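Below is one structure, written out as structure tokens; comments come after it.
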Amino acid sequence: MSNNNNRYITLLKLAFPICIGRMSAMLITFIDMMMVGTIGIASLAAIGLAGACYSLILSLVDTVSPTIQGVVARRVGSDSNAPKCVPVNAGLIYVIVTGIPITIISYFIAPWFFTAVSSSADVAGEATAYFQIVIMSTIAAGANQCFSGFWRGVGKTKTIMWVVIFINILNVSLNYALVFGNFGFPELGSLGAGIGTFISIITVTVIWFFITKIKFKSSGLLNCFPSFDLIGVIFKKSMVLSAGTVLFIMGINMFLFSASLMGANELALANVLLRIHIFLLVLHESIGLITGTLVSRALGRGDVEDASIWGRDAVKLGVFCAVVIGLPFLIFPSYILSYFFTDENITPMSDISLMVAVISTLITSITCVLGKILICLGHGGRVMWIAFLIQWFFILPLVWFFGPYMNLDFIYIWVVYVCHGVISAMFIAKIWGSGRWKTVSV
């Protein structure tokens with residue numbers, strides 16, 4: 001029991017900094033929207049639309065992070081003599097090769113796209129200006145993910161936390177200066193928010209380079225060309241994850257579209273519940289990410305039994321955290337939702353929907369933990385296929401049938417939606433139980 005307790009403490013100590021960093025990023029997003037929202041509804045709508053598109057495009061380069069993490073952690077576990085930073089170099093090649101065409105294409109089609117999807121010329125104009133600024137940081141954002149994956153792979157999660165907190169504080173400060181024209185800067189509105197985000201991302205890329213270069217001297221960063229086999233592994237696994245992530249995000253947008261067809265109240269409720277649901281699962285995803293490092297290290301040194309135990313204990317910890325974190329939301333749903341809604345027409349369906357979301361996290365936590373571990377181990381293709389098939393061929397058709405087609409209450413489509421994580425958990429647990437991940441090479 002003492003050994004298990006030590007494992008739980010280790011998991012929390014390593015996962016908590018990642019969780020803090022991710023939660024701070026979510027908080028800063030809300031603050032940014034509040035700042036821009038004071039300018040006007042058109043500006044808020046513009047950065048909301050442009051930001052969603054930017055996040056979708058970033059998913060094409062962000063997925064390199066867990067791949068690098070898995071490779072680095074396995075090399076650490078096997079006491080490899082290869083330069084530690086070579087996987088980062090391979091990841092940077094992937095980011096540059098994919099990021100350059102994505103950036104160019106996105107930049108030039110932005111005016112046409114936002115004009116086509118927005119009925120307001122003001123919104124389209126501001127969204128285009130914001131998007132064309134932030135999209136120029138795509139390669140830098142991908143590079144940040146390469147460094148983040150490397151530092152998770154070596155188990156230095158506190159460094160990641162402080163870097164993420166720094167970028168968020170810098171972003172808010174720049175936005176405060178550039179959006180409103182404070183500290184002698186020009187008042188640029190939503191464009192200022194885009195410039196602030198761009199500068200923050202570039203600045204952090206420089207910081208990541210220098211702290212990695214200083215901490216891991218003579219480790220091959222930017223001066224040791226990776227093998228073609230390693231480049232192939234990074235490209236193959238990252239591209240599979242990118243495709244799966246894009247389809248998953250598109251699926252979320254389809255759910256929101258279905259909710260919008262039911263009415264404005266349903267769309268507003270769907271947006272809030274989705275954000276709360278994501279918040280409830282942040283710690284579980286962090287546990288899964290860091291367990292991926294610990295399992296990879298165990299496999300690197302050939303200790304399959306230890307790898308299995310880490311996965312088992314991570315799932316137990318995830319379910320326990322789901323109970324602890326979700327309990328206040330389950331007991332006081334009306335109080336929590338009162339911060340988001342004042343419309344009495346929303347309250348009856350919102351309380352039950354929130355309780356359903358909390359209860360579902362007990363099972364969905366298994367999806368988050370084991371799913372992230374398998375992705376770090378290079379087994380992400382099957383995880384993504386399961387998520388895609390369940391979401392697009394089962395969940396979304398049922399959401400449309402019960403919602404826009406049958407015009408039933410929102411609770412019906414929300415129950416169907418959260419079943420995605422529950423059903424996925426069963427299949428992902430089966431993949432873990434099969435043990436095929438023990439033989440996957442990275």
Side-chain angles (χ1 to χ4, degrees), residues 4-31 152 157-158 160-161 164-165 168 248 252 269-294 310-341 349-373 375-376 387 411 414-415 417-426 428-429 432:
N4 282 346
N5 289 339
N6 290 336
R7 286 177 178 271
Y8 297 142
I9 292 171
T10 299
L11 287 171
L12 285 175
K13 284 176 65 175
L14 292 172
F16 191 68
I18 298 177
C19 180
I20 294 297
R22 292 167 70 92
M23 290 177 65
S24 71
M26 294 172 63
L27 177 63
I28 296 305
T29 300
F30 281 113
I31 294 175
R152 281 202 308 271
T157 56
K158 286 186 179 179
I160 300 173
M161 177 186 71
V164 172
I165 291 176
N168 290 330
F248 182 74
I252 292 176
L269 181 56
N271 270 300
V272 170
L273 289 175
L274 278 173
R275 292 184 183 277
I276 293 176
H277 199 232
I278 292 171
F279 170 80
L280 290 172
L281 294 173
V282 166
L283 180 56
H284 308 92
E285 291 188 354
S286 302
I287 291 172
L289 282 171
I290 200 59
T291 307
T293 292
L294 298 171
W310 276 118
R312 181 197 65 194
D313 289 345
V315 170
K316 291 180 180 179
L317 181 61
V319 174
F320 174 77
C321 290
V323 174
V324 174
I325 297 173
L327 203 57
F329 291 84
L330 194 62
I331 298 175
F332 309 108
S334 298
Y335 178 76
I336 292 170
L337 290 171
S338 66
Y339 285 94
F340 297 93
F341 301 115
M349 55 182 173
S350 64
D351 288 1
I352 299 175
S353 298
L354 178 56
M355 289 189 284
V356 168
V358 173
I359 294 172
S360 71
T361 58
L362 296 175
I363 308 283
T364 307
S365 62
I366 300 174
T367 303
C368 290
V369 173
L370 290 183
K372 292 296 182 183
I373 296 173
I375 287 172
C376 291
I411 184 65
W414 180 248
V415 169
Y417 178 79
V418 297
C419 281
H420 177 266
V422 175
I423 298 171
S424 296
M426 294 187 292
I428 291 175
W432 179 265

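Bear in mind the structure is a predicted one, so any value in this text is a computation, not a measurement.
Considering all non-hydrogen atoms of both residues, Ala429 and Leu370 come closest at CA-CD1, 3.9 Å. Counting all heavy atoms, side chain and backbone alike, Gly421 lies closest to Thr367 at O-OG1, 2.8 Å. Taking every heavy atom of both residues into account, Ile290 and Leu14 meet most closely at CG1-CB, 3.2 Å. When all heavy atoms of Pro328 and Ile336 are compared, the pair lying nearest together is O-CD1, 3.7 Å. The heavy-atom pair separating Leu281 from Thr364 by the smallest distance is CD1-CG2, 3.8 Å. Scanning all heavy atoms of the two residues, the minimum distance from Cys368 to His284 falls at CB-CB, 4.0 Å.
Residues passing the side-chain contact (heavy atoms from CB on, under 4.5 Å) test with Leu362 are Ala322, Val323, sequence neighbours excluded. Every residue meeting the ring-ring contact (aromatic ring centres under 6.0 Å, His included) condition with Tyr335, not counting sequence neighbours, appears here in chain and number order: Tyr339. Shown here are the side-chain hydrogen bond (donor to acceptor under 3.5 Å, both in side chains) partners of Thr293, two or more places apart in sequence or in another chain: Gln69. Listed by chain and number, the residues in a ring-ring contact (aromatic ring centres under 6.0 Å, His included) with His420 are Phe248 (sequence neighbours excluded). For Leu280, the side-chain contact (heavy atoms from CB on, under 4.5 Å) partners are Ile276, Ile325, Phe329, Val358, Thr361, not counting sequence neighbours. By the side-chain contact (heavy atoms from CB on, under 4.5 Å) test, Met355 pairs with Leu330, Pro333, Ile352, sequence neighbours left out.
Put simply, the side chain of Thr10 does not reach to within 4.5 Å of the side chain of Arg7, judged on heavy atoms. A 4.5 Å side-chain heavy-atom check between Leu273 and Val356 finds every atom pair outside the cut-off. Between Leu289 and Cys376, some side-chain heavy-atom pair lies under the 4.5 Å cut-off. Here the side chains of Asn168 and Val164 are in contact, with some heavy-atom distance below 4.5 Å. Looking only at side-chain heavy atoms (C-beta outward), Trp432 and Ile373 come within less than 4.5 Å of each other. For the pair Leu12/Leu317, a side-chain contact is recorded, criterion being any heavy-atom separation below 4.5 Å from C-beta on. Proximity of Thr157 to Phe16: side-chain heavy atoms (C-beta onward) are nowhere separated by under 4.5 Å.
Taken to the nearest 0.5 Å, the OG1 atom of Thr291 stands 12.5 Å off from the CZ atom of Arg312. The CD1 atom of Ile287 sits 4.0 Å away from atom SG of Cys321, with the distance rounded to the nearest 0.5 Å. One distance of note links OG of Ser360 with OH of Tyr417; it measures 10.0 Å at 0.5 Å rounding. With values rounded to the nearest 0.5 angstrom, Leu274 atom CG is found 8.5 Å from His277 atom NE2. Rounding to the nearest 0.5 Å gives a distance of 9.0 Å between CD1 of Ile363 and CE of Met426. Atom CD1 in Ile160 sits 12.0 Å away from atom CD1 in Ile165 (nearest 0.5 Å).
Judged by distance alone, the side chain of Ser424 and the main-chain N or O of Ala387 form no donor-acceptor pair under 3.5 Å.
The list of salt bridge (charged side-chain N to carboxylate O under 4.0 Å, His left out) pairs with a residue in residues 279-288, not counting sequence neighbours, reads Arg22-Glu285.
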